[in-house]
> 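Can you read through this structure? Questions will come right after.
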Amino acid sequence: MTLFDIGPGDIALLPRHQVHSFKNIGTVPGRLLTVILPAGFERFFEVVAERRWGDENLDEIATVAADQFGLEIMDLPPGSCGP
């Protein structure tokens, strides 16, 4: 696993189909700008937001990701920087 420590103004570029996760390890809320090419996957985030889903809805989120967007949401590996 490669770990990136990305700070304000930094950029991380990942190729298509790259397994990844992210976590704000700071003490204040962070902002993340994601550019997804080709377009279309941004609709996934709109669906999750429209349904007001959160951590308690991970099964539903994974189902929508797979069924509507062809995305597999994987478990985080032990010792990862996830929640």
> Can you name the side-chain contact (heavy atoms from CB on, under 4.5 Å) partners of Glu56, sequence neighbours left out?
none
> If I take atom CD from residue Glu50 and atom CZ from residue Arg43, how far apart are they, to the nearest 0.5 angstrom?
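So the gap between those two atoms works out to 4.5 Å.
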> Assess the residue pair Phe22 and Ile6 against the criterion (side chain to side chain contact (heavy atoms under 4.5 Å, CB included)); give the C-alpha distance rounded to whole Å, side-chain angles, the decisive distance to 0.1 Å, and a yes or no.
CA-CA 10 Å; Phe22 59 89; Ile6 304 298; over 6 Å; no
> Work out which heavy atom in Phe44 is nearest to a heavy atom in Ile73; give both atom names and the distance.
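Minimum heavy-atom contact is CZ-CD1, 4.3 Å.
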> Tell me every residue that passes ring-ring contact (aromatic ring centres under 6.0 Å, His included) with Phe45, counting only those two or more places apart in sequence or in another chain.
Phe41
> Under 4.0 Å between a Lys/Arg side-chain N and an Asp/Glu carboxylate O for Glu46 and Arg51?
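No, this pair does not count.
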> Could you check whether atom CD1 of Ile11 has more than 12 heavy atoms from other residues, nucleotides or ligands sitting under 6.0 Å from it?
no
> Would a distance-only check, ignoring hydrogens and angles, find a side-chain to backbone donor-acceptor pair under 3.5 Å from Asn24 to Val28?
yes
> What do you reckon, is CG of Asp5 surrounded by more than 12 foreign heavy atoms closer than 6.0 Å?
no
> Do you know the tightest heavy-atom contact between Val64 and Val47?
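So the two residues come closest at CG1-CG1, 4.0 Å.
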> Between atom CG of Leu37 and atom CD of Glu42, what is the distance when rounded to the nearest 0.5 Å?
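Atom-to-atom, Leu37:CG and Glu42:CD are 9.5 Å apart.
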> Cut-off 3.5 Å, no hydrogens considered: what does the side-chain donor-acceptor table look like for residues 12-19, sequence neighbours left out?
none

